[in-house]
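We number each residue from 1, following the sequence as shown.
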Amino acid sequence: MDLPKHGSNPKYLYQKMNLAIPEELIDFSVNLNPWGPPIKIFAQWDQWKNEIIDYPDPLGQELKIKISNKENLNLDQILLGNGAAELIQLLAIHFREQKIGIFQPTFSEYERMTSAYDAKISYLSLDQLSKTSYIKEVTQEQVAIFLCQPNNPTGETLSQRSLDKLLKECEKNNCYLIIDEAFYDFSLASHSMVSSIKSSQYLIILRSATKMYSIAGIRLGYLFASAELVNSLRAYQSYWSVNALALKMGEILIEEEEFVIETQLKIAKIRNHIFPLLEELGFLLSDSQVNFFLLRDPQLKRQKELMVFLLKKGIVPRHTENYPGLDGNWLRFAIRPFAEMNQLLEALEEWKRN
């Protein structure tokens with residue numbers, strides 16, 4: 001099926017499925033913080049009006065200083081971007097026409113961007129990461145490897161030991177390890193690799209402000225890497241890449257630690273409540289530690305029939321047709337507030353009754 005490549009904007013999914021759009025929708029396909037941005041963002045809004053008159057700081061120096069202090073990194077190890085998507089594109093340009101490995105299933109933009117710059121792409125298996133021989137082989141064959149941690153779309157996390165082992169083999173074989181930590185701050189159990197940036201020239205970390213702080217319309221991401229690589233990537237970037245509002249928001253968001261912890265706890269509480277109920281109904285779930293999860297009815301191979309049933313009820317899941325290795329056999333759902341999760345549960349109960 002030629003379905004939209006990403007979640008959100010459900011009208012396009014309904015059009016592709018030739019379905020009428022119900023009057024009321026709950027969009028489980030978008031994996032942003034369901035409680036919206038921190039209140040401080042709206043409290044500052046009027047003060048930012050004049051920021052749109054002049055050009056933004058092309059280096060985003062004030063925001064980079066705050067990120068530097070929080071992550072204990074040098075300023076020249078930080079690159080800001082117009083969302084993590086722009087930074088993925090810069091990496092694709094840098095590694096153009098080279099051998100790129102992508103651990104699957106994962107975010108489709110890694111493949112889309114690297115393909116656009118003629119990379120030779122290999123699909124790598126997350127299930128094989130425990131095998132030393134496999135890690136040695138793939139790091140010897142690739143120039144760079146993309147790894148989403150925690151994983152999108154499963155929500156599962158790798159252990160610190162597994163990550164350290166993979167990075168060690170990458171360093172031995174001059175292979176860059178690109179870890180996308182877009183969802184690391186939703187998990188109480190995930191492990192950031194940022195502490196290894198200073199000691200490893202082969203580690204690259206991607207971060208996104210979009211997900212936790214629910215500012216997808218603003219676009220703000222950042223990248224950590226060696227000063228040498230950051231300088232090379234900046235050469236491909238337009239001069240005023242990050243807009244002034246994004247920079248100002250970032251300066252506030254980077255200090256919103258209480259907001260992050262509160263979100264983590266709420267997500268974990270809802271997840272721990274809803275997962276056993278879904279399993280009792282007979283659904284299979286991924287072992288997610290973040291704000292979304294995979295679900296499938298084991299009585300179906302492909303989940304199109306279930307997806308259509310839910311769409312007609314105004315419940316919008318994320319299809320997995322464009323996730324290699326999943327191929328439409330699962331649906332992804334975001335964690336949303338209790339009332340909306342209960343509506344999802346009721347719809348799935350009705351599906352099972354029928």
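In terms of heavy atoms, Pro337 sits closest to Pro34 at CD-CB, 3.6 Å. Minimum heavy-atom separation, Cys170 to Thr139: SG-CG2, 3.6 Å. A pairwise comparison of heavy atoms in Met193 and Ile179 identifies CG-CD1, 3.7 Å as the closest pair. Summarising the geometry of Asn151 relative to Pro105, their closest heavy-atom pair is ND2-O, 2.8 Å, with the distance given to 0.1 Å. The shortest heavy-atom contact between His94 and Ser232 is CE1-CB, 3.9 Å. Nearest heavy atoms, Pro58 versus Trp240: CB-CD1, 4.1 Å.
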* To do: Mind running side chain to side chain contact (heavy atoms under 4.5 Å, CB included) on Gln343 and Ile26 for me, showing each step along the way?
  => CA-CA 9 Å; Gln343 286 183 255; Ile26 305 176; 3.4 Å; yes
* Before giving the answer on side chain to side chain contact (heavy atoms under 4.5 Å, CB included), spell out for Asn72 and Lys198 the whole-Å C-alpha distance, their side-chain angles and the decisive distance to 0.1 Å. => CA-CA 9 Å; Asn72 191 29; Lys198 284 191 173 182; 3.8 Å; yes
* Val260 vs Gln264, side chain to side chain contact (heavy atoms under 4.5 Å, CB included): CA-CA, chis, key distance, verdict -> CA-CA 6 Å; Val260 171; Gln264 290 173 343; 3.8 Å; yes
* Asked: Which is it for Glu71 and Lys64 under the salt bridge (Lys or Arg N to Asp or Glu O under 4.0 Å) test, yes or no, and what are the steps along the way?
  -> CA-CA 10 Å; Glu71 305 293 350; Lys64 283 172 63 176; over 6 Å; no
* Passes side chain to side chain donor-acceptor pair (under 3.5 Å), Ser286 versus Glu156? Steps please. -> CA-CA 7 Å; Ser286 61; Glu156 296 173 356; 4.9 Å; no
* side chain to side chain contact (heavy atoms under 4.5 Å, CB included) evaluation trace for Ile121 with Ser115 -> CA-CA 7 Å; Ile121 297 170; Ser115 294; 3.1 Å; yes
* **Test log, rule salt bridge (Lys or Arg N to Asp or Glu O under 4.0 Å), inputs Glu169 and Lys172** => CA-CA 5 Å; Glu169 288 301 320; Lys172 283 182 183 178; 3.4 Å; yes
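Under a 4.0 Å N-O distance rule, the pair Arg112/Glu109 qualifies as a salt bridge. Between Lys120 and Glu97 no salt bridge is recorded (no basic side-chain N to carboxylate O distance below 4.0 Å). Between Glu62 and Lys248, no side-chain nitrogen of the basic residue sits less than 4.0 Å from a carboxylate oxygen of the acidic one, so the salt-bridge criterion is not met. With salt bridges taken as basic N to acidic carboxylate O contacts below 4.0 Å, none links Lys352 and Glu349. A salt bridge does not link Lys136 with Glu141: every distance from a Lys NZ or Arg NE/NH1/NH2 to an Asp or Glu carboxylate oxygen is 4.0 Å or more.
Leu247 places a side-chain heavy atom less than 4.5 Å from the side chain of Leu80. In this structure, the side chains of Arg332 and His319 stay at 4.5 Å or more apart for every pair of heavy atoms. Side-chain contact between Phe293 and Leu278 is present, with at least one heavy-atom pair separated by less than 4.5 Å. Contact of the Pro317 side chain with the Leu311 side chain is registered, since non-hydrogen atoms from C-beta on lie closer than 4.5 Å. Here the side chains of Gln237 and Leu79 are in contact, with some heavy-atom distance below 4.5 Å. Looking at Arg219 and Thr210, their side chains come closer than 4.5 Å, going by heavy atoms from C-beta outward. With a 4.5 Å cut-off on side-chain heavy atoms, Ser122 and Gln142 count as touching. Side-chain atoms of Ile205 and Leu223, non-hydrogen and from C-beta on, never get closer than 4.5 Å to each other.
The local environment of NZ in Lys99 is sparse, with at most 12 non-hydrogen atoms from other residues, nucleotides or ligands closer than 6.0 Å. Heavy atoms of other residues, nucleotides or ligands lying less than 6.0 angstrom from NZ of Lys131 number 12 at most. Counting heavy atoms of neighbouring residues, nucleotides and ligands inside a 6.0 Å radius, atom NZ of Lys66 exceeds 12 of them. The environment of CD in Glu305 is sparse: at most 12 heavy-atom neighbours from other residues, nucleotides or ligands sit within 6.0 Å.
The backbone N or O of Ser29 sits less than 3.5 Å from a side-chain atom of Asp27, completing a donor-acceptor pair. Listed for the Arg271 side chain is a donor-acceptor partner under 3.5 Å among the backbone atoms of Val290.
Remark: the Thr157 side chain and the Gln289 side chain contain no N/O donor-acceptor pair separated by less than 3.5 Å. In the model, Asn31 has no side-chain atom that pairs as donor or acceptor with a side-chain atom of Arg318 under 3.5 Å. Between Tyr236 and Gln89, the side chains place no donor N or O within less than 3.5 Å of an acceptor N or O (distance only, hydrogens not considered). Using modelled atom types and a 3.5 Å distance limit, the side chains of Asn82 and Ser241 yield no donor-acceptor pair. At a cut-off of 3.5 Å, with distance as the only test, no side-chain donor of Ser196 or Ser199 sits close to an acceptor on the other residue. Under 3.5 Å, the side chains of Lys165 and Ser130 contain no donor-acceptor pair of N or O atoms. In this structure, a donor-acceptor pair under 3.5 Å is present between the side chains of Asp297 and Trp351. In this structure, a donor-acceptor pair under 3.5 Å is absent between the side chains of Arg302 and Thr320. Between the side chains of Asp164 and Gln160, at least one donor N or O lies within less than 3.5 Å of an accepting N or O.
A distance of 9.5 Å separates CG in Leu126 from CD in Gln149, rounded to the nearest 0.5 Å. Going from atom CG of Leu229 over to atom CD1 of Ile197 covers 9.5 Å, rounded to the nearest 0.5 Å. Remark: Asn272 CG to Phe275 CZ distance equals 8.5 Å, nearest 0.5 Å. Atom-to-atom distance recorded for Asn33:CG and Ile335:CD1 is 12.0 Å, nearest 0.5 angstrom. Atom CG in Leu331 sits 10.0 Å away from atom CZ in Arg296 (nearest 0.5 Å). Here CG of Leu344 is found 7.0 Å from CG of Leu310. Values are rounded to the nearest 0.5 Å.
Cluster membership check: Leu73 shares its hydrophobic cluster with Val242, using side-chain heavy-atom separations under 4.5 Å among Ile, Leu, Val, Met, Phe, Trp and Tyr. In the hydrophobic clustering of ILVMFWY residues, with side-chain heavy atoms under 4.5 Å counting as a link, Ile39 and Ile41 come out apart. The hydrophobic cluster containing Tyr134 does not contain Ile102, counting ILVMFWY residues as joined when their side-chain heavy atoms lie under 4.5 angstrom apart, directly or transitively. Hydrophobic cluster membership is shared by Leu326 and Leu284, with clusters built from Ile, Leu, Val, Met, Phe, Trp and Tyr side chains linked at under 4.5 angstrom. Cluster annotation: Leu233 and Tyr222 are assigned to distinct hydrophobic clusters (Ile/Leu/Val/Met/Phe/Trp/Tyr, side-chain heavy-atom contacts under 4.5 Å, transitive).
Taking the six-membered ring for Trp, Tyr12 and Tyr14 have ring centres at least 6.0 Å apart.
Screening residues 153-193 for ring-ring contact (aromatic ring centres under 6.0 Å, His included) gives Phe95-Tyr176, Tyr176-Tyr202, Phe183-Phe292 as the qualifying pairs, with residues at least two apart or on separate chains.
Aromatic ring orientation, Phe107 versus His6: tilted (interplanar angle from 30° to 60°).
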